[in-house]
*Asks:* 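What follows is a structure written as structure tokens; I'll ask about it next.
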Amino acid sequence: MIYDVCIIGSGVGGSGVAYTLAMSGKKVVVLERGLFYREKDFSKDEIAYCKRDIITPNLKESYHTIESLEDEKWIKTATYDSENSFFNGNVVGGSSNFMSGYFHRFKPNDFRLKSTYPEIKGANIMDWVIDYSELEPYYEKVERLVGISGEVTPHKYHEPRSTPNFPYPPLDEHPISKLIDKSCHKLGFIPYKTPRAIISKPKDKRDNCYYSNYCGSYGCSSGAKGSARVSLLEPALKSGNLTIITSAFVKKLEEKNKKVTKAIYIDTQTLKEHYIKAKIFVVANQAVESCRLLLNSKSLNFPNGLANNSNQVGKNILFSAGGVGSGGFDFNSMPIDELMKEGLFVNRSLCDWYEIDGVKGGIIDLLFEHANPISKAIKERWQDGELIWGEKLQDKIFYKFTKTRRVNFEIFNDWLPNDNCFVSVDDKYRDIYGVPVANIRIGSHPHNLKIANILAQKAKKLLIEMGAKDINISISPYPPSNLQAGGCRFGDNPQTSVLNKYCQTHEIKNLFVTDGSFMPTGGSLPYTWTIYANSFRVGEYILNI
Amino acid sequence: MPRELISFDGVTRRVFITSSIISGTILVLMPQYSISPIDIKPFKIIQAIQDVLFPKGLEAPSALEFGATNYLLRVSSHSSFVEFDLKFLIYGTNLLIEEERDFLSMNAIDKDKALKNFISKSQKNKNWLSLLLYYTIEALLSDPIYGGNRDELGWRWLGHHSGKPKPQKPFGEIV
């Protein structure tokens with residue numbers, strides 16, 4: 001069979017395309033490396049979902065090599081040694097099953113960083129080839145189809161909207177949100193109500209949120225969280241036009257006469273090789289793995305990998321810059337039974353410094369420390385750099401669990417694209433299937449830290465005003481592995497970009513890349529909503545080819 | 001002492017049951033966890049160390065009560081367990097016994113002193129104990145499906161409410 005479209009990867013970037021095309025009668029096949037977990041399969045098992053490689057490839061099976069700068073030398077480490085996996089949620093629906101769902105739209109200026117802000121030396125910044133108004137209808141579509149709850153906060157940096165309100169009312173809030181609001185008002189900050197990709201009312205076969213207290217890092221057992229699986233792929237399956245093949249690791253795309261003809265995959269259960277033929281191929285594997293696939297798909301026409309005759313594939317990979325911090329609260333802040341209320345959301349952000357003195361700033365999200373008991377208790381075994389155990393440790397854990405609660409903040413600011421941040425492949429390092437793994441050089445621009453530190457001080461000021469004790473801040477040049485973008489920039493110039501404005505490769509007309517890889521800059525926000533919106537946009541374009 | 005081995009058939013899917021190192025209890029091992037034999041001698045010493053790390057308190061359960069060693073024996077047989085961690089735990093345990101030959105016969109206070117003395121000697125020794133504490137705390141607060149947190153003793157001690165639904169199968173297996 002020759003499918004109309006073959007999509008590699010079932011996460012956010014592929015699902016908008018799959019939904020749009022399958023619902024319009026196109027025959028679509030999605031190849032997913034992982035398994036098909038549904039609501040009944042998910043549980044709040046900290047060992048399975050937070051402490052072991054269960055929903056990502058075992059690092060003995062596949063891994064990445066990471067290059068980081070140490071004493072002015074690039075040192076390469078394999079992730080099976082560091083145990084810091086750069087895979088994220090390899091199941092149907094991808095990492096969106098396990099997200100916290102803090103959803104922000106990019107602001108209009110995020111589409112034109114180069115033309116709006118002063119030049120930063122060493123940063124390869126370019127404007128997007130589309131503007132906010134072109135993506136706005138798709139942001140709105142995500143609100144309806146994926147399901148976003150919230151309440152619009154009037155704010156000078158709020159992006160224009162085509163509808164006045166979110167389709168789902170805000171989720172129930174914890175009493176500490178009132179303390180945040182009060183403290184913000186005292187300081188002259190604007191408490192921004194964070195939109196969430198979690199529905200507060202039932203939708204079709206999805207139940208509303210049941211406030212499990214274990215949201216981020218876990219699959220949702222009610223279907224309230226707007227994963228690509230529950231919100232788009234499962235409805236699309238009902239059309240009869242969508243096929244999802246699981247345990248399918250795509251090792252190579254074959255090309256002939258500048259057209260992709262086959263996706264060759266290994267069934268990771270049987271280890272047998274298969275192929276899929278289609279008229280159009282869409283790669284949506286998350287940025288790092290998408291670059292890896294193109295770079296490993298070498299042919300006579302493309303000796304450096306597909307769509308890579310300008311050597312742009314893998315370049316200018318993006319993460320999210322920023323950091324984290326937290327402050328402790330106890331009965332002095334509010335009645336202990338109120339402080340300890342479980343399951344309710346904080347849902348507050350600070351967007352006041354999206355611009356700082358004419359340069360691009362970022363946002364701060366506020367949330368409670370995760371309820372995961374192991375993660376909470378394990379930190380307590382250290383005191384002033386020394387190990388403690390016995391009664392001393394037991395008392396410390398007991399106090400932590402019964403008398404205090406921590407409010408965390410997460411800072412998001414632009415990860416500046418630069419020449420020392422890229423994905424490559426090296427034949428010396430292969431996975432158990434014999435396929436070269438991705439090498440990620442992680443070069444952080446000094447400006448990333450400068451902005452993150454400014455934002456951290458703002459967050460600290462708020463925590464002090466709220467009465468927090470024991471405030472800590474951790475700002476690092478090392479990025480979180482779950483927010484990946486760039487590596488296949490879109491643009492008008494085939495010499496400096498891989499994709500055109502519709503995320504179609506300049507060099508191969510039946511090949512598209514629709515995860516976050518297309519982004520030349522990644523905004524100062526989690527970019528899941530933007531990837532969803534863009535996936536719908538590209539899906540409509542493909543439909544009309 | 002004779003070398004004691006736990007081995008089981010890794011091909012069939014039947015549940016394998018063997019006597020636990022903790023008297024009066026049964027340790028259930030599922031064959032898909034591993035096909036490698038496990039030397040349980042170091043686990044006997046680990047059990048003695050864990051009872052120093054997490055003794056019976058006024059309200060706190062002891063490592064023996066919540067099944068810390070059972071937990072470690074079970075999860076370390078699963079393919080998701082970091083191989084290095086198991087080797088390092090056993091290496092450090094053997095080193096402790098080489099240096100503190102009477103450790104098992106010591107009273108709790110002397111065991112505590114011996115551990116403090118041992119970790120003061122090198123960063124590696126300190127890392128070893130840190131890792132053992134890590135897995136002891138995992139045993140205290142993980143879902144009882146893994147063999148630790150027996151009768152939810154850890155959760156009950158801390159008034160902790162586990163997330164729902166609880167796992168029906170370990171290691172995220174599809175239901």
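Only heavy atoms go into these numbers, but all of them, side chains included; no hydrogens, no water, no symmetry mates. Naming: A, B, ... by sequence-line order, numbering from 1 per chain.
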*Asks:* Side chain, backbone, both or neither: which part of A/Tyr49 has an atom under 4.5 Å from a heavy atom of chain B?
*Replies:*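 Answer is side chain: those atoms of A/Tyr49 sit under 4.5 Å from chain B.
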*Asks:* On a heavy-atom basis, which atom in B/Gly172 and which in A/Ala48 lie closest, and how many Å separate them?
*Replies:*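 Closest approach of B/Gly172 to A/Ala48, heavy atoms only: N-CB, 3.4 Å.
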*Asks:* State, to 0.1 Å, how close A/Ile54 and B/Ser80 come at their nearest heavy-atom pair, and which atoms those are.
*Replies:*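 Residues A/Ile54 and B/Ser80, closest heavy atoms: CD1-CB, 4.0 Å.
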*Asks:* Check the surroundings of atom CD1 in B/Ile109: do more than 12 heavy atoms from other residues, nucleotides or ligands lie under 6.0 Å from it?
*Replies:*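 Atom CD1 in B/Ile109 is not crowded, with 12 or fewer foreign heavy atoms closer than 6.0 Å.
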*Asks:* May I ask you to name which of A/Ile374, A/Leu35, A/Asp53 has the most heavy-atom pairs under 4.5 Å with chain B?
*Replies:*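 Most heavy-atom pairs within the cutoff with chain B belong to A/Ile374.
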*Asks:* Kindly give the heavy-atom pair with the smallest separation between B/Trp157 and A/Phe398, and that separation in Å.
*Replies:*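 Shortest heavy-atom contact: O-CE1, 3.4 Å.
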*Asks:* Heavy-atom distance under 4.5 Å to chain A: side chain of B/Asp51, backbone, both or neither?
*Replies:*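 No part of it gets close to chain A.
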*Asks:* Select one option (side chain, backbone, both, neither) describing which atoms of B/Phe81 are under 4.5 Å from chain A's heavy atoms.
*Replies:*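 Both the backbone and the side chain of B/Phe81 come within 4.5 Å of chain A.
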*Asks:* In Å and rounded to the nearest 0.5 Å, what is the CG to CG distance from A/Leu387 to B/Leu115?
*Replies:*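 Rounded to the nearest 0.5 Å, the CG-CG separation comes out at 10.5 Å.
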*Asks:* How long is the span from the CD1 atom in B/Ile174 to the CZ atom in A/Phe42, to the nearest 0.5 Å?
*Replies:*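 It comes to 8.5 Å.
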*Asks:* If you compare all heavy atoms of A/Ile397 against all heavy atoms of B/Ile137, which two are closest, and at what distance to 0.1 Å?
*Replies:*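 Here A/Ile397 and B/Ile137 meet closest at CD1-CD1, 4.5 Å.
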*Asks:* Which heavy-atom pair separates A/Ala377 from B/Leu141 by the least distance, and what is that distance?
*Replies:*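 Closest heavy-atom pair between A/Ala377 and B/Leu141: CB-CD1, 3.5 Å.
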*Asks:* What residue in A/Pro373, A/Ser375, A/Ala371 has the most heavy-atom pairs under 4.5 Å with chain B?
*Replies:*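 Of the options given, most contacts go to A/Pro373.
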*Asks:* Is the NZ atom of A/Lys392 crowded by more than 12 outside heavy atoms at less than 6.0 Å?
*Replies:*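 Check fails, neighbour count at 12 or below.
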*Asks:* Kindly indicate whether the side chain of A/Trp389, heavy atoms from C-beta on, has any atom under 4.5 Å from the side chain of B/Asp112.
*Replies:*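 In contact.
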*Asks:* What I'd like to find out is whether the side chain of A/Ile47 reaches to under 4.5 Å of the side chain of B/Asp143, using heavy atoms alone.
*Replies:*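 Not in contact.
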*Asks:* Is chain B contacted by the side chain of A/Asn213, its backbone, both, or neither, given a heavy-atom distance below 4.5 Å?
*Replies:*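 Nothing of A/Asn213, per the 4.5 Å heavy-atom cut-off to chain B.
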*Asks:* At a heavy-atom distance under 4.5 Å, which candidate from B/Gly159, B/Pro165, B/Ser142, B/Ser162 has the highest pair count against chain A?
*Replies:*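 Winner by heavy-atom pair count: B/Pro165.
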*Asks:* Nearest 0.5 angstrom please: A/Asp41 CG to B/Lys169 NZ, how far?
*Replies:*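 Interatomic distance, A/Asp41 CG to B/Lys169 NZ, rounded to 0.5 Å: 9.0 Å.
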*Asks:* Side chain, backbone, both or neither: which part of A/Glu380 has a heavy atom under 4.5 Å from chain B?
*Replies:*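 Neither the backbone nor the side chain of A/Glu380 comes within 4.5 Å of chain B.
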*Asks:* Select one option (side chain, backbone, both, neither) describing which atoms of A/Tyr80 are under 4.5 Å from chain B's heavy atoms.
*Replies:*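 The answer is neither part of A/Tyr80.
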*Asks:* Given heavy-atom pairs under 4.5 angstrom as the criterion, report whether the side chain, backbone, both or neither of B/Leu58 touches chain A.
*Replies:*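 Interface part for B/Leu58: neither.
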*Asks:* Given side chains that start at C-beta, do those of B/Pro55 and A/Gln394 come closer than 4.5 Å, heavy atoms only?
*Replies:*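 Yes - at least one pair of side-chain heavy atoms lies under 4.5 Å apart.
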*Asks:* Are the side chains of A/Arg52 and B/Val75 in touch, meaning some heavy atoms are under 4.5 Å apart?
*Replies:*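 Yes - at least one pair of side-chain heavy atoms lies under 4.5 Å apart.
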*Asks:* Most heavy-atom pairs under 4.5 angstrom with chain B, which of A/Lys40, A/Glu46, A/Lys376, A/Lys44?
*Replies:*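 The candidate making the most pairs under 4.5 Å is A/Lys44.
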*Asks:* Please identify, among B/Lys116, B/Glu59, B/Gln168, the residue contributing the most non-hydrogen atom pairs under 4.5 Å to chain A.
*Replies:*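 Result: the option with the highest number of such pairs is B/Lys116.
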*Asks:* If you count heavy-atom pairs under 4.5 Å with chain B, which of A/Glu391, A/Glu386, A/Arg38 comes out on top?
*Replies:*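 Top option by heavy-atom pairs under 4.5 Å: A/Glu386.
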*Asks:* With a 4.5 Å cut-off on side-chain heavy atoms, are A/Leu393 and B/Phe54 touching?
*Replies:*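 Yes - at least one pair of side-chain heavy atoms lies under 4.5 Å apart.
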*Asks:* Most heavy-atom pairs under 4.5 angstrom with chain A, which of B/His161, B/Glu83, B/Lys166?
*Replies:*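 Looking at each of B/His161, B/Glu83, B/Lys166 in turn, B/His161 comes out on top.
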*Asks:* About how many Å separate NZ of B/Lys164 and OH of A/Tyr210, when rounded to the nearest 0.5 Å?
*Replies:*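 Going from the OH atom of A/Tyr210 to the NZ atom of B/Lys164 covers 10.0 Å.
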*Asks:* If you draw a 6.0 Å radius around NZ in B/Lys113, do more than 12 non-hydrogen atoms from other residues or ligands fall strictly inside?
*Replies:*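 It does not: B/Lys113 NZ has 12 such atoms or fewer within range.
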*Asks:* Take atom NZ in A/Lys403; do more than 12 heavy atoms of anything else shown fall under 6.0 Å from it?
*Replies:*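 Result for NZ/A/Lys403: open.
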*Asks:* Is it the backbone or the side chain of A/Lys60 that comes under 4.5 Å from a heavy atom of chain B, or both, or neither?
*Replies:*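 Only the side chain of A/Lys60 comes within 4.5 Å of chain B.
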*Asks:* Check each atom of B/Lys126 against the heavy atoms of chain A and say whether the ones under 4.5 Å are side chain, backbone, both or neither.
*Replies:*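 B/Lys126 touches chain A through backbone and side-chain heavy atoms alike.
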*Asks:* Report which part of B/Trp155 has an atom under 4.5 Å of a heavy atom belonging to chain A: side chain, backbone, both, or neither.
*Replies:*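 For B/Trp155, side-chain heavy atoms alone lie under 4.5 Å from chain A.
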*Asks:* Please look at A/Lys51 and chain B and tell me whether the side chain, the backbone, both or neither of the residue comes under 4.5 angstrom of a heavy atom of that chain.
*Replies:*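 Answer is side chain: those atoms of A/Lys51 sit under 4.5 Å from chain B.
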